[in-house]
J.: 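I am attaching a structure below and will ask some questions about it afterwards.
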Amino acid sequence: MDLPKSDEMVEALATGFQNLYNKYTRSENGPQDGGGRRDVYIVPVNNNTAVAAAADDAQSQFLLQQRYRPKARKTFVFDARHLCQVKTVKWHMMRQSRLRASTGQCCPVCIPNTSWGNPKVKSNLKNLLDIYNIGNIQKSMFGCFVDDLKFFYQLKSQEYKYIYDEVLEDEVVEKAIAAAARNACAEDAVVGDSRLDEEMKTQQANTRRILTVISANVKNWVYKVIGWFTYRMISLLATSLVVQPMQIDRVREAEQSGLPVIYLPLHKSHMDYILLGLVLTVNNIKPPLVAAGENLRVFFISKLLSFLGAFYIKRHIDTKRDQLYWSVLSSYIKNSMKNGHHIEFFLEGARTRSGKCCVPKAGLLSIIVDAYREKVIEDAWIIPVSMNYDRILEGNFVREQLGQPKKKETFFAAISTFIKAICSHYGIMRVDFNKPYRLRDLYESIDKLTKLENESLNKNGMEIMSTTICYKTTVDRMAKHIVYDCWKSTPIMSTHAVCFLLLNKHRNGTTLEQLAKDLTMMRDKLSQADRDIGFSGMSIEVIKHALDLLGPKLVVYENTDSGCIVKPILDVPVLIELSYYGNNLISHYMHQSLVALTICKLVSQDFLNNAITETKISRKDLIGDVTFLTNLLQFDFVFIKPCDTLDNIVDSVIRHFEEEEIILMDLMLEEERRSQYMAKMLDSDSDDDYQRPYVEIDVKYRVSTNEKSLNQLKFYRSVMMPYLECMAESAGSFLALSENSVTEREHVQTILNQMHENLEEGILSYGESISLDTIKHSFLAFEKFDCLQITTKDNIKTLQIINNQPSELNPSMQAMSDYIEEFVKQIN
Ligand SMILES: O=P(O)(O)OC[C@H](O)CO
């Protein structure tokens, strides 16, 4: 029978009350009022009454009461009168606190002594753009403009020691000066004392010059004035500047411990330095000295940034050739920490051009680790930070990704960006601090891993790493661990989610309703996976907000027969810009995508076109191909933490795919897995593990033919496909070369042109595959695979194909190209 809506509601309420009635009973035990009347209370029906009665001794009664009463009374008891009052009294609705993933925890393997805490915490975000939200500032009659000025004026002045002389007198720097002087005289036939003295003076002057450029010159009053000015400006640009107070408290605690704090943010925008400094300043936490690239040394701005703690460093340092420079820089950073300064630098070196996190460079981190090993500092706090924007101030990096040279930073460019910025809007900005941990803990854990690896190389009769290489590997792994964790805990902003869905699910457009449905589903899945979501509210409103920020140049609305359709514009520059935002989600999908790419390669084409019903793939093949992909993309992604293994990652993806019914659950598979596990356990327990070879049992996975599962598999595959397409184009380009060698600049251009042509012809499926970064990274990967040789002379890079006898370990460029093509073949 079809009930009208109102009848349905009455039915539902009646059933609800009936259930409630069955669960509760009347009790006369309520407190007496003034007139001696007792309130009637409703209490839950105690199913254990019978049990309680049977318990004859006082102790068991007491124990039962302890077990059942407090919880029941606290949770359920309510006054019956309130039920009658509900119609007349205004309800005070208690909003249930939203729970938020407690992201940014330390690695439980490498930092085992820091507690993990709850996976979910009460959502308690704070908008710092509301000045009355920050400190004890009271609203005055003059309004917030004057109030925030007063707030900045009253901020605590921090102590910043100028350490120029300490560095000049540092023994290491003195030795480097002497070495540089000796080197300069090395070519002279006869070197007298006066010649050496002269050269020493030249090198000392050189050192002073270097140091003047490097040294920050922090002024507290500038911090306050500029702090206030930036605060006002950001209030104009952004809706909110969001932080989590709990994270700020942790940072404050670390900062007050007396150890130097090393802030390591992921680099998205030039706003990063400003935001981090501002967030710390308004919370009365001493801001760090910030390593800035020499490209930011532009008129006026460089001085200003130096007053705010920026110290300028060369973008590329050759530690062997630039020994004097390196020793001055190291000494400056070490002495800064020794003198109570905190340090901030970007492990990735430059801002990400693709939106995803970049593979880190370990140079500056090695100085910090050196300082600890040389006992210049007792230890330090590591705080990975992520700054997130609904939209970045820089606009986009499309020009550079399409191969055009980077525009130089100038004073006028900065002013024009600033003017453009205040005429636009940038939505929400977020600053998240991961849980601080000790440098020593991370260093010692990773160092142990490296040493174990070296031991195993030794036992297997392979060439071991030298002490220097061991140390370099450790620091490199530390850097990778830090960015991996940080990227994985970065919150997802509204624009990220919408762009990701448009590119990977609805390239040809969809209705707002469908997009909202997908967004809701994605939010749920991300929350289940403990990813923090940087937006709230109804999905449809979130989408409108994101589309509004992205603007009409990227996404259009189209009226069709089936209603209003939201559609990304499929031009290359637009796709690159959309993928910049969408790529933030790759951190969540990258492992699934690697496995999906491999499954699609391993199963036959017929299967994906639904022509055959079932196929099996071997785990060994799967692992082999995933390993290849991680090596191929090693300059684009950090896929694995140093303390984890690819096997673990593949296993967890397989489990996830089983839940999604992409891989079919198989009892046999479980058996095989168990025996695999047992075999491994027995093998590791065994004393004579070097005599007996370990026999791996191969497991076969059944891939589902269900249409829904196949679509899901194709979705995962699409996430990383642009990177694979770019790699395939790059490998293919070498096969068409008439010469054996070519300059990098020339060849990059050839590849870019070829990609544009292939896109038009439909050979390439994803416009966003066209990416300068990935092309350059492909060269480095091919060099690692010994297919390509890269030589640099007079700052010109030359690429040369290696025509060695190809083997399984060293595939030729042809084999490399064929192999990658198998991953990117088009499927319906
Ligand atoms: O992204 P880049 O290459 O402009 O470098 C940005 C660095 O922050 C300079 O300090």
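Bear in mind that the values here come from a model prediction, so they are computed numbers and not experimental data. One-based numbering, in listed order, for ligands and for the atoms of each. Worth knowing before you read on, the calculation uses all heavy atoms, side chains too, and leaves out hydrogens, waters and symmetry mates.
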J.: Please could you name the atoms of ligand 1 that A292 approaches to less than 4.0 Å, counting only its heavy atoms?
T.: 10 (O)
J.: Select the closest option to atom 5 (O) of ligand 1 among R315, K408, H267, H270, judged by heavy-atom distance.
T.: R315
J.: Could you tell me, atom by atom, which parts of ligand 1 come under 4.0 Å of a heavy atom of N295?
T.: 4 (O), 5 (O), 9 (C)
J.: With heavy atoms only and a cut-off of under 4.0 Å, state how F346 meets ligand 1: side chain, backbone, both or neither.
T.: neither
J.: Does the Lys NZ or Arg CZ of K356 fall within the cation-pi geometry relative to F637 - under 6.0 Å from the ring centre and within 45° of the axis?
T.: yes
J.: So, K488 side chain and S587 main chain: donor-acceptor pair closer than 3.5 Å or not?
T.: yes
J.: If you measure only the distance, is there a donor-acceptor pair under 3.5 Å linking the side chains of D370 and S330?
T.: no
J.: Between I422 and M233, is any pair of side-chain heavy atoms under 4.5 Å apart?
T.: yes
J.: Identify the protein heavy atom lying closest to atom 10 (O) of ligand 1, giving its residue, its atom name and the separation to 0.1 Å.
T.: G293 N, 2.6 Å
J.: Between R430 and S386, do the side chains contain an N or O donor and an N or O acceptor separated by less than 3.5 Å?
T.: no
J.: Identify which one of R250, K286, H342 satisfies the side chain to side chain donor-acceptor pair (under 3.5 Å) criterion when paired with E255.
T.: H342
J.: Would you tell me which option among Y273, F345, F397, Y312 has the nearest heavy-atom contact to atom 7 (C) of ligand 1?
T.: Y273
J.: Return the residue, atom name and 0.1 Å-rounded distance of the protein heavy atom closest to atom 1 (O) of ligand 1.
T.: R353 NH1, 2.6 Å
J.: Do Y389 and D272 have side-chain N/O donor and acceptor atoms under 3.5 Å apart?
T.: yes
J.: Please identify which atoms of ligand 1 are closer than 4.0 Å to at least one heavy atom of A350.
T.: 1 (O), 2 (P), 3 (O), 5 (O)
J.: Give the atom numbers and elements of ligand 1 that come within less than 4.0 Å of a heavy atom of E409.
T.: 4 (O)
